[in-house]
Amino acid sequence: MDAPPGAWPRGPRDRLGATSSGARAPATPWARFSAWLECVCVVTFDLELGQALELVYPSDSRLTDKEKSSICYLSFPDSHSGCLGDTQFSFRIRQCGGRRSPRPTDDRHYDSEAPASLQRESAHYFGYVYFRQVKDSSVKRGYFQKALLSLIAPEYFDKLAPCLEAVCSEIDQWPAPVPGQTLNLPVVGVVLQVHIPSRVDKPESSPLKQCGQENLLPAPLVLTSVHELDLCRCLQPVLSHVQTLWELMLLGEPLVVLAPSPAVSSEMVLALTSCLQPLKFCCDYRPYFTIHDSEFKEFTTRTQAPPNVVLGVTNPFFIKTLQHWPHILRVGEPRMSGGLPKQVKLKKPSRLKTLDTKPGLYTSYTAHLRRDKALLRRLLRGLQKKRPAGVLTALLRRHLLELTQSFIIPLEHYMASLMPLRKSITPWKTPPQVRPFHQEDFLCSLEQAGPQLTCILKGDWLGLYRRFFKSPHFDGWYRQRRKEMAHQLEALHLEAICEANIETWMKGKSEVEVVDLVLKLQEKLVRAQGHQLPVTEATLQQARLYIQTAIGSLPKGLQAALCPP
């Protein structure tokens, strides 16, 4: 199955099973593929070299050597995971050197319409692994091992290289993901019907839908997150602590998830980080992390406080290495059938002494909110009665969604009060700025407009907000909201200019003042056309007309300078 150098045609931009970090320009080869995937990698185990990258598709991959090395190590379960057969898991790595090309306009348009949790990553790759280990007497170690992107792996193992090229060509025919649209995506003989949420949609969850060409299902898969998870199944062993874990995620606390396999580790980490929807998870997280990772020393040093990251690991060595971390979640093998899932116990970190530590949440953290016992009873009763997984996941996700919304809505209301009034925006003056966020003023507002209006849970909400203000999630939320409000102010200012009479304004104005207006309008127009300003097409047309009118009033030499050929 080894191909000679140069035998592979130029293919889609690589995605290690990684989400695309930025689509190519439409004119470049495989641009449609790169809107969905970054590349496909085949990783094998060489008895002399160890993990080796056998194939990257396309062959002109822009992965660095450091990234390729990380992919090789993270595509294999470590020696402590007994993964015989097929295993699927995921990982996340930093891009080395950051973004390698300017961000396409299409990306900005997508991000302006997509929910915060589904916006494109600019500094990380996501890896999705399909690992196969089967007995093979012809290999000295007795196993045949490879790791592949989960979507095409079974077909690839049967049909090898030609299948890989065919599948990537199919993906290259897919339309780009557009928020708000439902797409039919053919691949490997089936059609995935997928709805891409927009930020105006109500968040929801539905089970995976697959169908044949002639029989499209009416209810599409809704991509509530980059990773579709059966949330209730993933969180079964920690259901009794799900609100405590939600608080830890909200506050961006350092957390280690020690699991028996990469599959359990990655699913638990992704489930926990998805608990904050629709709030964007702003901290670092690694669904599967090993001692070979380039950030190993950075994350395990004791010379500074643990970073704000959620680490999924399988090697018990990390218990000793990360004993100074404030929160460690140890989970065991999931129950395959029968009986209720055994809930992990809440334990003090001092109990974390040996490498064979029993399952539990080892933390000194005391939750600010009382847990919803009625919800826990409903979930456990549903598991006992074997209710459909989709129903239980929808119940749990709705609870977490409403909890997050109850927490965020007061912040949104207070932030909206900082927006200058529309009547204060005049066409020929610099627009006013968003007023600063005063934490104490916000906390005083909670008595009349706090989360108690939408949430029945009792507890120390003020204490939770105070800790939240110190977290990366408050910083991320505030920066994004302030940026959006600044863009809104700029759009309102542009509308005010377009509603005014530019010819009346130009009377008595110097050439310098007119040129300054033209340059500012041109800058606003470029930003609006790049989907950075929320303005209507009518406003854009009026702005273009005003630019032409202003330029036409200037001497010929200046006109040529402002209207380059």
Side-chain angles (χ1 to χ4, degrees), residues 22-28 31-32 35 99 101-114 119-120 122 175-181 198-200 419-434 480-565:
R24 292 176 175 180
T28 58
R32 290 184 176 182
R99 180 173 294 281
S101 58
R103 196 177 187 195
T105 301
D106 286 350
D107 270 14
R108 293 197 295 269
H109 184 204
Y110 171 87
D111 282 354
S112 70
E113 301 293 333
Q119 291 172 359
R120 295 186 185 276
S122 60
V178 178
Q181 288 192 3
S198 73
R199 59 174 55 195
V200 298
M419 183 77 169
L421 297 176
R422 184 166 187 150
K423 64 182 181 182
S424 67
I425 301 171
T426 55
W428 313 118
K429 293 183 179 179
T430 302
Q433 294 186 339
V434 178
Q480 180 63 28
R481 290 296 290 119
R482 189 174 178 84
K483 179 181 176 182
E484 291 170 354
M485 292 168 71
H487 287 171
Q488 188 178 355
L489 276 173
E490 202 172 341
L492 291 172
H493 187 230
L494 181 59
E495 289 175 3
I497 292 174
C498 291
E499 290 170 1
N501 190 319
I502 192 172
E503 292 180 345
T504 301
W505 176 84
M506 286 192 300
K507 290 179 181 178
K509 294 295 187 294
S510 66
E511 291 178 3
V512 173
E513 290 174 302
V514 174
V515 169
D516 184 58
L517 175 66
V518 169
L519 294 175
K520 287 181 178 178
L521 281 176
Q522 286 178 335
E523 181 185 353
K524 289 179 183 290
L525 193 61
V526 168
R527 295 181 65 187
Q529 290 172 330
H531 306 284
Q532 293 183 352
L533 300 183
V535 294
T536 63
E537 183 59 34
T539 299
L540 293 179
Q541 290 178 358
Q542 189 67 29
R544 295 186 192 102
L545 180 61
Y546 277 13
I547 290 171
Q548 292 174 4
T549 301
I551 291 176
S553 70
L554 296 169
K556 295 289 186 182
L558 278 176
Q559 289 185 29
L562 293 171
C563 297

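Quick note: numbers below take in every heavy atom, side chains included, and nothing from hydrogens, waters or symmetry partners.
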Identify the two heavy atoms, one from [X] and one from [Y], that lie closest to each other, and give their separation to 0.1 Å.
{"X": "Val434", "Y": "Ala486", "answer": "CG2-N, 4.3 Å"}
{"X": "Ser553", "Y": "Met506", "answer": "OG-SD, 3.7 Å"}
{"X": "Ala528", "Y": "Leu533", "answer": "CA-CB, 4.0 Å"}

Just grab all the ring-ring contact (aromatic ring centres under 6.0 Å, His included) pairs involving residues 541-562, residues at least two apart or on different chains.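 Applying ring-ring contact (aromatic ring centres under 6.0 Å, His included) to every pair that reaches into residues 541-562, excluding sequence neighbours, yields nothing.
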Can you list every pair that meets ring-ring contact (aromatic ring centres under 6.0 Å, His included) and has a residue in residues 507-528, with sequence neighbours left out?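 Pairs touching residues 507-528 that pass the test: none.
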Salt bridge (charged side-chain N to carboxylate O under 4.0 Å, His left out): pairs with one or both residues in [range], sequence neighbours excluded:
{"range": "residues 495-508", "value": "Arg422-Glu495"}
{"range": "residues 481-492", "value": "Arg199-Glu484, Glu412-Arg481, Arg481-Glu484, Glu490-Lys524, Glu490-Arg527"}
{"range": "residues 535-553", "value": "Glu537-Arg544"}
{"range": "residues 554-563", "value": "none"}

[X] side, atom [atom1]; [Y] side, atom [atom2] - distance, nearest 0.5 Å:
{"X": "Ser424", "Y": "Leu492", "atom1": "OG", "atom2": "CG", "value": "9.0 Å"}
{"X": "Leu545", "Y": "Leu521", "atom1": "CG", "atom2": "CG", "value": "11.0 Å"}
{"X": "Thr430", "Y": "His493", "atom1": "OG1", "atom2": "NE2", "value": "6.5 Å"}
{"X": "Met419", "Y": "Leu489", "atom1": "CE", "atom2": "CG", "value": "3.5 Å"}
{"X": "Thr426", "Y": "Ile497", "atom1": "OG1", "atom2": "CD1", "value": "9.5 Å"}

Under the side-chain contact (heavy atoms from CB on, under 4.5 Å) test, residues paired with [X] that sit two or more places apart:
{"X": "Pro179", "result": "Tyr110, Glu113, Ala114, Ser198"}
{"X": "Ala500", "result": "Pro427, Trp428"}
{"X": "Ala543", "result": "Leu494, Cys498, Leu525"}

For Thr549, which residues count as a side-chain hydrogen bond (donor to acceptor under 3.5 Å, both in side chains) partner, sequence neighbours excluded?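 Partners of Thr549 under the side-chain hydrogen bond (donor to acceptor under 3.5 Å, both in side chains) test: none.
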Side-chain polar contacts of residues 511-518 - donor-acceptor pairs under 3.5 angstrom, sequence neighbours left out - could you list them?
from, atom 1, to, atom 2, distance (Å)
Glu513, OE1, Ser510, N, 2.9
Glu513, OE1, Ser510, OG, 3.2
Asp516, OD2, Lys520, NZ, 3.4

